[in-house]
Amino acid sequence: MATLLSPLLIRGTEPVPLLEALGRVLAEDVVAPIDLPTFRNSQMDGYAVDTASLTAAPATLPVRAVLAAGDGVVAHVPGTATKIMTGAPLPTGADAVVPVEDTVPVEDTVPVEDTVPVEDTAAEGRGLRVTVCRLPEPGAYVRERGSDIHRGRTLLPAGTVVAARHVAALAAVGLTHVSVRTRPRVAVISTGSELVPGGSVLAPGKIHDSNGPALAASAAANGALVVSVDRSGDDAEVFAAKLARAAAVAEVVFTSGGVSKGDFEVVKDVLGPRGAEFVSVAMQPGGPQGTALVDSVPVLTFPGNPVSALVSFEVFARPVLRAAAGLPAVEPETRPLSTGLSSVPGKRQFLRARRDGGAVVAIPGAGSHLIAAMATADVLLDIPADTSDLEPGELVKVLPL
Ligand code: AMP
Ligand code: MG
């Protein structure tokens, strides 16, 4: 199977807008095109000062200007203060910001003798003054240019799975697009003449197709691009036609159903004569498995029972899809069992279970049709074939779902 699916691992790259990059994998290092911060600015609402002339506190200084975020850079006059808002550029010559909390405004409006007029500033000519109550250290509350990242440095390495915080960093340096690894294209076909889509009235004997949506969701959740989700009755011609259509658009096709030992096994009937290999894997659920090539496109044929189909995906498809997408492998955990359990000897069992604090508890019910119970699981217990009875507290291998 590894060889069959190995072409999926050879991938190209594509540029995508930042928001579409969420969950995608960076194809190459992203280098910062600008410094962050891009200019020296204030970290607080307060007063920009120069510590060389401010040598004792309290000290009352004339306020020469009021700077808002978005204003341009002005020149600092030694011995004065500039009222400054968070994010406004520090006046050149100032080297510290005194937070508002460490100052007291001087309420009088007496013009200050030594105030040098600054054009277009709110404080000009109004004689505003401020008393600085505490001496700032040089550099206090100043965000230096490039102190977050310097232009030319690696902002995000190739292989990063893009999350909201990465979008923030990319947006901050002004990027609108980013180069990501292409996603493997997956098609899903569920088979069974009993299947109808959700939203349909269920005629006698019919059931809703859950494997189609389940396999499509599983593929999408593991880095794939789902290009087709189809359904076929147990009619060989119909299934063959749908398979050909799926193979025309996908890099891998997953089918469900029609691979057991019954009378209407459409997947076996169509793919058997075309060189498919059907095997019985010593695992439960998910024993009957098959592989085929249709027009050079690999096809994995999963059994139809809903739990079997999902477990088959986890065991056979998820690792390769994640590797193809560039996503990290899902690492198994080791946890103690909350309660004892027994497992069918001779077959590797994948039992539905739930994390329970640091431990794990099996979910009762072994039937492969129990899809509502499966929805309450968050892990599978991977119980080796030679294990039958497990005591509470015994350590088991746990595969996160
Ligand atoms: P099969 O593997 O085709 O023999 O199907 C085994 C069991 O799984 C039967 O009870 C089917 O009705 C059920 N089943 C097969 N395909 C689906 C599906 N897509 N959604 C829900 N149940 C299914
Ligand atoms: Mg069937």
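Whatever order the structure lists them in is the order used to number ligands and atoms, beginning at 1.
- Contacts of His166 classified as side-chain hydrogen bond (donor to acceptor under 3.5 Å, both in side chains), with partners at least two apart in sequence or in another chain: none.
- Of the residues listed (Arg183, Arg181, Arg24), the one engaging Glu14 in a salt bridge (charged side-chain N to carboxylate O under 4.0 Å, His left out) is Arg24, and it is the only one.
- When side chains are defined from C-beta on, Thr103 does not count as touching Cys133, because their heavy atoms never get closer than 4.5 Å.
- With sequence neighbours left out, the ring-ring contact (aromatic ring centres under 6.0 Å, His included) criterion links Tyr47 to no other residue.
- Looking at Arg318 and Asn222, their side chains never bring a donor and an acceptor atom within 3.5 Å of each other.
- Legend: residues meeting salt bridge (charged side-chain N to carboxylate O under 4.0 Å, His left out) with Asp382, ordered by chain and number and at least two apart, are Arg348, Lys397.
- Sorted by chain and number, the heavy-atom contacts of ligand 1 below 4.0 Å come from Ser190, Thr191, Glu194, Leu195, Ile207, His208, Asp209, Ser210, Asn211, Ser256, Gly257, Gly258, Ser260, Gly304, Asn305, Pro306.
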